[in-house]
Enquirer: 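I have a structure I would like to understand better, so I am pasting it below and will then ask my questions one at a time.
In what follows, every chain begins at residue 1, and chains take the letters A, B, ... in the order their sequences are listed. None of these values were measured; they are calculated from a predicted model.
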Amino acid sequence: MNAEATLPQTTPAAAMVRTLGLISAICGLIIVAAYQGTYDAVQENKRIAVERAVFKVIPAAKSIAEYVATAAGEVEKLGAGGTVPAGAVKFYAGYDAAGKLAGIAAEGGAKGYADTVRILFAWDPEKAAVTGFGVVSSRETPGIGDKILVDKDFLANFPLEARLAADGQALAHQIRAVKHGSKANPWEVDAIAGATITSRAVGKAINDTAQALLPRIAPHLDKLKEKS
Amino acid sequence: MSQTTVRTWDEFMEGVWRQNPVFVMVLGLCPALAVTVSAVNALSMGLATTFVLTCSCVLVSLLRKLIPKEVRIATYIVIIATFVTVVDYLIQAVSLALYDALGAFIQLIVVNCIILGRAEAHASKNPPFKAMVNALGMSLGFTIGLFALGAVREILGAGKLFGVALFGANFQPWVVMVLPPGGFFVLGMWLLVFAAVARRKQRKLAEVAQNA
Amino acid sequence: MSIEIRSAPHIKGPKSVEQIMRHVVWSLLPICAFYVYQYGLSAMASLVVVTGSCLLAERWFVKTGTQSGDISDYSAVITGLLLALSLPPGFPLWMGAVAGLVAIALGKALFGGIGFNVFNPALVGRAFAQAAFPQAIATYTPSFLPGRFHEMIPSSMALPLMQPADVAAWLKLKQLDALAGATPLAKWKFEGVLAGAEELITSLSGHMAVGPSPALILVCGAYLALRRYMDWRIPAAILGSAALTAWLLFAFDGTRYPNPFFMLFSGGLILGAVYMATDMATSPVTPRGMWVYGALIGILTVVIRYYSGLPEGVMYAILLGNAATPLIEKITQPTPFGKGASSLLGRQKKGASYPLHPGYISREDAGAVTPKKRFLPNKPKKQDREP
């Protein structure tokens, strides 16, 4: 008896497995219930968030459609929750109240001061220019790097020329940020003094995405003109 | 008040004041410093933690006789992770902007030492109601702590509270308050104020005792 | 006659904390007076408000018992004066008050009061102000402006929590270039203009935003060092290492780097080296440690000035030096007499392993107050125990 009492009491393995199984089952049920219960609301929220972001950069837009420009040079419509094929660039076509194309929005990212600055910019096919942009995510220093959204001189950069070269393979002029006050051409971005790195990131983000996207969608603009 | 209500109240106030997780135990600092840039973020983080803490403590307390002691920590973590996942979905469903603002810190609730600590130290030894009262008190204390940090940082860093401008357009924002060091500065100031108030109280009590 | 058994030092001198601090304040007064003469009313208001806020904070924390020390020991006055001298003269008064409060609260009270602080309180306050109000702290105005004794610099009078008035517009009204207000360091960093030697040393030429005169600071510092209220090793080490680093870089590429003379006498290097880095509680006590500490600060200052985005690096260099102080003290402990040989033989390398005298009463047991750190290893010690 004595020896038994001093032994540490151990739970038999079978009981342990049983209990753990039961607890896992309970937890699994709770998670599945939560996922099912919130699925619709989450999807709706995501859609609204995307729409809002696009409407902000294309003020005339009243509805949007999601497209991808594949590596083969095709433009395809993206279904709800669909995945983007490898090598393809996703973009949004914004349509005004009459169903006419108001602008094309795409995301781009480039290394900023603290982390990658991700932006959503709007391209107007008629003006062949980038008309505006919004920040998707950024960790830039508050009060310095985040001036890109409010600095009047910086916002005066837009519309920013983004015209395709004659051969249709790339932009006629590379978009890039230049030192504050030395902007000479409509395709240059006049950087904010004191926030040059963030300004440069915006320029690079627009340039990288535009170089990849615009040559692909230019031949298909007619298809995008009307809301389908 | 009957004996039991007094005891329940004591149990509740334990976490709110005497063992306040932020200001007394100085626990859970990762979310306390990282997401308290604004009062709204701080409150939401507090509410999310309240949900996880209360639910997991009740569940742990209900299952306390079933859980084999050899694997109790693993079991607690599974239970906590479950509720963290639930709260993750709930916040996404309520507001994506809030979800982005809180970032990885929602998922990181799972490693918040306050929750595992409560499950191990209290919920696993007490009946569900008592565990729930204690967990609610603790999480209220945590929420108050986060709010105290978030409110000061939002008022000084942006001149706003809950997004409402308090001082007009000419306000000079304190840049440091919205940066990570601001969290440490404000926490240090709060700890200092708490220490000063506590010392003063002690001194008064000692004087009263001496005079009596 | 009672015999007291205790460890060294056995000779006690009359110097008390209060006396040392009072002498430091006296030596600061001429510097403050010249500063007021340079910048007028605003500088005066800044000195008064910042020092006042330091004293108020000190009083509250001492009264509640959160920190040790005594308000009458003048240490808060030193903190306030140094903080005000290191801020621009037109720094908004409410921001100065905040900086003073933070200096005492976070720099001193949080650690337990005088003697326990890890960082120089004045620099903690300035670092906070630098991080919180980066624009205001970089806005300098030229010295010797006409009418400086009749009107304040408009930014001084900003309402609490509000943005200061635009100093550039005010200067334009006075027909002065806004950049006349840049400090010599900012001018060098952003425009590549070097200021002349005479201007730097005396600050008398005017219309240039130099701080208090380095020559005056050196004279006042020399007084303190001669009276043994300050150890000369630290300023010497800082200035020496900064000059050496700057000279090496200047010799390497004279067009890219300014001459070492400019490095030494621009910005707050002299003020920092003489008055801030020598703070007794936050600098090493061992003589070798002082050299290491000073050299570290000097090199860091030059490196920060050359290679970071900030024009001035003295503040961060000293704060980093403060942080490294315990480590420096640890590696520069002098070997006790008679211990050297055995350590050379490779035995008993670390720690005092000899048993204490059985009758020894530890300082804590005797209820002794931790004394201030000493300036010199053989400097007499303050009376800290009842005989």
Side-chain angles (χ1 to χ4, degrees), chain A residues 8-53 56 81 113-115 118 120 134-147 150 194-195, chain B residues 34 37-38 51-52 55-56 58-60 62-101 103 110 153-154 156-159 171-182:
Chain A
Q9 284 194 342
T10 51
T11 320
M16 232 189 284
V17 169
R18 210 168 49 227
T19 327
L20 282 181
L22 172 72
I23 289 167
S24 311
I26 296 176
C27 292
L29 269 179
I30 295 176
I31 292 183
V32 169
Y35 180 73
Q36 289 297 340
T38 56
Y39 183 80
D40 290 341
V42 172
Q43 291 305 321
E44 181 67 10
N45 261 341
K46 283 191 174 153
R47 195 183 59 76
I48 292 173
V50 167
E51 264 187 8
R52 228 180 252 160
K56 213 173 188 177
Y113 186 73
D115 197 0
R118 297 202 65 79
L120 183 78
V135 170
V136 177
S137 70
S138 110
R139 294 201 161 276
E140 304 300 280
T141 321
I144 300 172
D146 63 359
K147 274 200 291 198
V150 290
Chain B
V37 176
S38 70
F51 176 82
V52 174
C55 290
S56 43
V58 169
L59 193 59
V60 164
L62 280 172
L63 298 172
R64 71 186 185 281
K65 301 227 169 82
L66 274 177
I67 297 174
K69 64 176 184 305
E70 289 87 348
V71 289
R72 61 183 195 286
I73 299 290
T75 317
Y76 300 156
I77 287 292
V78 168
I79 291 174
I80 294 166
T82 303
F83 288 107
V84 170
T85 315
V86 170
V87 105
D88 187 278
Y89 286 134
L90 283 178
I91 293 183
Q92 279 192 58
V94 173
S95 158
L96 271 184
L98 183 65
Y99 185 77
D100 286 339
V110 81
R153 288 179 71 183
E154 193 180 352
L156 295 181
F171 177 76
Q172 164 75 47
W174 301 27
V175 179
V176 70
M177 286 301 166
V178 290
L179 297 175

Enquirer: Between atom CD of Q43(A) and atom OG1 of T38(A), what is the distance when rounded to the nearest 0.5 Å?
Expert: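 Separation between the atoms: 9.5 Å.
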
Enquirer: Under a 4.5 Å heavy-atom cutoff, which of A93(B), A74(B), S95(B) has the most pairs with chain A?
Expert: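 It is A93(B).
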
Enquirer: Is the number of heavy atoms from other residues, nucleotides or ligands under 6.0 Å of F51(B) CZ greater than 12?
Expert: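 Buried by this count: over 12 neighbours within 6.0 Å.
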
Enquirer: Taking side chain as everything from C-beta outward and backbone as N, CA, C, O, which of these in V87(B) sits under 4.5 Å from a heavy atom of chain A? Side chain, backbone, both or neither.
Expert: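 Answer is neither: V87(B) stays 4.5 Å or more from chain A.
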
Enquirer: Enumerate by number any residue of residues 78-86 of chain B whose heavy atoms lie under 4.5 Å from heavy atoms of chain A; in the absence of such residues, state 'none'.
Expert: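 At a heavy-atom separation under 4.5 Å, chain A is reached by V78(B), I79(B), T82(B), F83(B), T85(B), V86(B).
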
Enquirer: Which atom pair, heavy atoms only, marks the closest approach of P173(B) to G157(B)?
Expert: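 The answer is CB-O, 3.3 Å.
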
Enquirer: Quick one: which residues of residues 44-52 of chain A reach chain B at under 4.5 angstrom, heavy atoms only?
Expert: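 The stretch touches chain B at N45(A), K46(A), A49(A).
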
Enquirer: Might you point out which heavy atoms bring R72(B) and K69(B) nearest each other, and give the distance in Å?
Expert: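 Nearest heavy atoms, R72(B) then K69(B): NH1-O, 2.9 Å.
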
Enquirer: Tell me which donor-acceptor pairs under 3.5 Å the side chains of residues 14-32 of chain A have, and how far apart each pair is, sequence neighbours excluded?
Expert:
{"residue": "T19(A)", "atom": "OG1", "partner": "A15(A)", "partner atom": "O", "Å": "2.5"}
{"residue": "S24(A)", "atom": "OG", "partner": "L20(A)", "partner atom": "O", "Å": "2.7"}

Enquirer: Of all the heavy-atom pairs spanning R153(B) and G182(B), show the shortest one and how long it is.
Expert: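 Between these two residues, the closest heavy atoms are NE-C, 4.1 Å.
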
Enquirer: Chain A: which of L59(B), L66(B), I91(B) shares the most heavy-atom pairs with it under 4.5 Å?
Expert: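 Looking at each option in turn, the highest pair count goes to L66(B).
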
Enquirer: Output all residues satisfying ring pair (Phe, Tyr, Trp, His ring centres under 6.0 Å) with Y35(A), sequence neighbours left out; order by chain, then residue number.
Expert: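 Y35(A) satisfies ring pair (Phe, Tyr, Trp, His ring centres under 6.0 Å) with Y39(A), Y89(B) once adjacent residues are dropped.
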
Enquirer: Heavy-atom distances under 4.5 Å only: say whether L63(B) touches chain A with side chain, backbone, both or neither.
Expert: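 Side chain of L63(B) only, per the 4.5 Å heavy-atom cut-off to chain A.
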
